[in-house]
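None of these values were measured; they are calculated from a predicted model.
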Number of protein chains: 2
Amino acid sequence: MVVEIDLSDAEVDRIFRALADATRRDIVERVLTGEQSVSALADRYDMSFAAVQKHVAVLERAGLVTKHHRGRERLVRGNPDTIRRVQHLLDRYERLWRARIDALDALLAAPPSTPPATTPVPEQE
Amino acid sequence: MVVEIDLSDAEVDRIFRALADATRRDIVERVLTGEQSVSALADRYDMSFAAVQKHVAVLERAGLVTKHHRGRERLVRGNPDTIRRVQHLLDRYERLWRARIDALDALLAAPPSTPPATTPVPEQE
DNA sequence: AATTTCTACAACCATTTGGTTGTACGTTAA
DNA sequence: TTAACGTACAACCAAATGGTTGTAGAAATT
């Protein structure tokens, strides 16, 4: 199964914003280990049912969870694909950082008689 | 060098919120590959200097960048430690997911003569 | 000394966010 | 059939966000 590789800026915005709230992160954790109804989730938090409903909606719009019908309930389930995509994003940041560190190391390792100013970095992207 | 392992909810809030903006993510990428002054950054974006200054402040409060003095300039530099901590957070999410999948797999692998209705999931919490 | 550059910060504004309560509707249970 | 449960959604509100302009100070340039 091929998953989408690239995410638009707006999608990434929604994902990070969705994760920028402790209640929503907690919901994600819960539904990753097992789907739960909205009201079952709402029982866990000290806020109204409608507030939890809104949090779930934010997570759903970000693609972090999905909802399914079962009778009168709506079961919320975590979507690990989106989690994985965020990890790839952060991996990219780390690669950028490492490339820079490697370049600085190369500079320091090079003898001062041969300044490597022409090719400081393997020039990716 | 030992880095902090745990982050408070408020810290994680700030980090994810800081990353929930395309301009700020772009700034992070730029300063991970090499430090830049605030005005050099501001030249890159179609908004006022003050707006970019605010974005940098948000990133700084989240611990994603640091600022250093050089004459009248303030050099902005990426902080990979924080990036790494976010990765660890997401790793945790993935482990939770995998644990659940493994449990379901174990259920499916069990012979039908032993109905697993009593323990559908390893009952966490 | 005067001017320009880089930064800091306050004040303001429109929009979004995160919460509330209230109403309505489909589904299950008595 | 009636009542209770689970959900959806609108309306409202306070606070935060993301932008602006304007003022001021420190450092560099002329």
Comparing R61(B) and M47(B) on DNA chain D - which has the more 5′ nearest nucleotide = R61(B)
For S37(A), which contact category applies under a 4.0 Å heavy-atom criterion: base, sugar-phosphate, or nothing?
-> sugar-phosphate
In terms of hydrophobic clusters joined by side-chain contacts under 4.5 Å, are V76(A) and F49(A) together?
-> yes
Hey, does the side chain of Q53(A) come within less than 4.0 Å of dA8(D)'s phosphate (OP1/OP2), counting only N and O?
-> yes
Ignoring the backbone of A51(B), work out which of dG19(C), dT20(D), dG18(C) is nearest its side chain.
-> dT20(D)
Looking only at side-chain N and O atoms, does S48(B) come under 4.0 Å of OP1 or OP2 in dT20(D)?
-> yes
May I have all residue pairs that pass salt bridge (Lys or Arg N to Asp or Glu O under 4.0 Å) and include part of residues 46-62 of chain A, sequence neighbours excluded?
-> E60(A)-K67(A)
Reckon S39(A) touches a base, only the sugar-phosphate, or nothing at all at heavy-atom distances under 4.0 Å?
-> sugar-phosphate
dG19(D) OP1/OP2 closer than 4.0 Å to side-chain N/O of H55(B) | yes
Check for a donor-acceptor pair, side chain of R17(B) on one end and backbone N or O of A62(B) on the other, with a separation under 3.5 Å.
-> no
Quickly work out the L75(B) CG to dT5(C) P distance and round it to whole Å.
-> 19 Å
Polar side-chain atom of T82(A) near backbone of G63(A) as donor-acceptor pair, under 3.5 Å | yes
Along nucleotides 22-30 of chain C, 5' to 3', which nucleotides get a B, which get an S, and which get a -, given that the test is a protein heavy-atom distance under 4.0 Å?
-> ----BBB--
For F16(A) and L19(B), which heavy atoms make the closest approach, and how far apart are they?
-> CD1-O, 3.3 Å
Rounded to whole Å, the CD1-P distance (I27(B) to dG18(D)) equals 12 Å
Can a side chain N or O of R74(A) be found less than 4.0 Å away from OP1 or OP2 on dG6(D)?
-> no
Charged N to carboxylate O under 4.0 angstrom, D26(A) versus R30(A)?
-> yes
Between CG of L41(A) and P of dG6(D) the distance, given in whole Å, is 13 Å
Considering all heavy atoms, the nearest L59(A)-V28(A) contact = CD2-CG2, 3.6 Å
If Ile, Leu, Val, Met, Phe, Trp and Tyr residues are connected whenever their side-chain heavy atoms lie under 4.5 Å apart, and connections chain through other members, are V65(B) and L90(A) in the same group?
-> yes
Write down the distance between NE2 (H68(B)) and C1' (dC6(C)), rounded to a whole number of angstrom.
-> 18 Å
Are V12(B) and V12(A) co-members of a hydrophobic cluster defined by side-chain heavy atoms under 4.5 Å apart?
-> yes
Looking at DNA chain C, which of residues 9-21 of chain A put a heavy atom within less than 4.0 Å of it?
-> R17(A)
Of V58(A) and F49(B), the one whose nearest nucleotide on DNA chain C sits closer to the 5' end is F49(B)
For dA11(D), does OP1 or OP2 lie under 4.0 Å from any side-chain N or O of K54(A)?
-> no
Heavy-atom side-chain proximity of D91(A) to Q87(B) below 4.5 angstrom | yes
Distance in angstrom units between E73(A) CD and dA8(D) C1', rounded | 15 Å
Measure the distance from NE2 on H69(B) to C1' on dA8(C) and round it to the nearest whole Å.
-> 11 Å
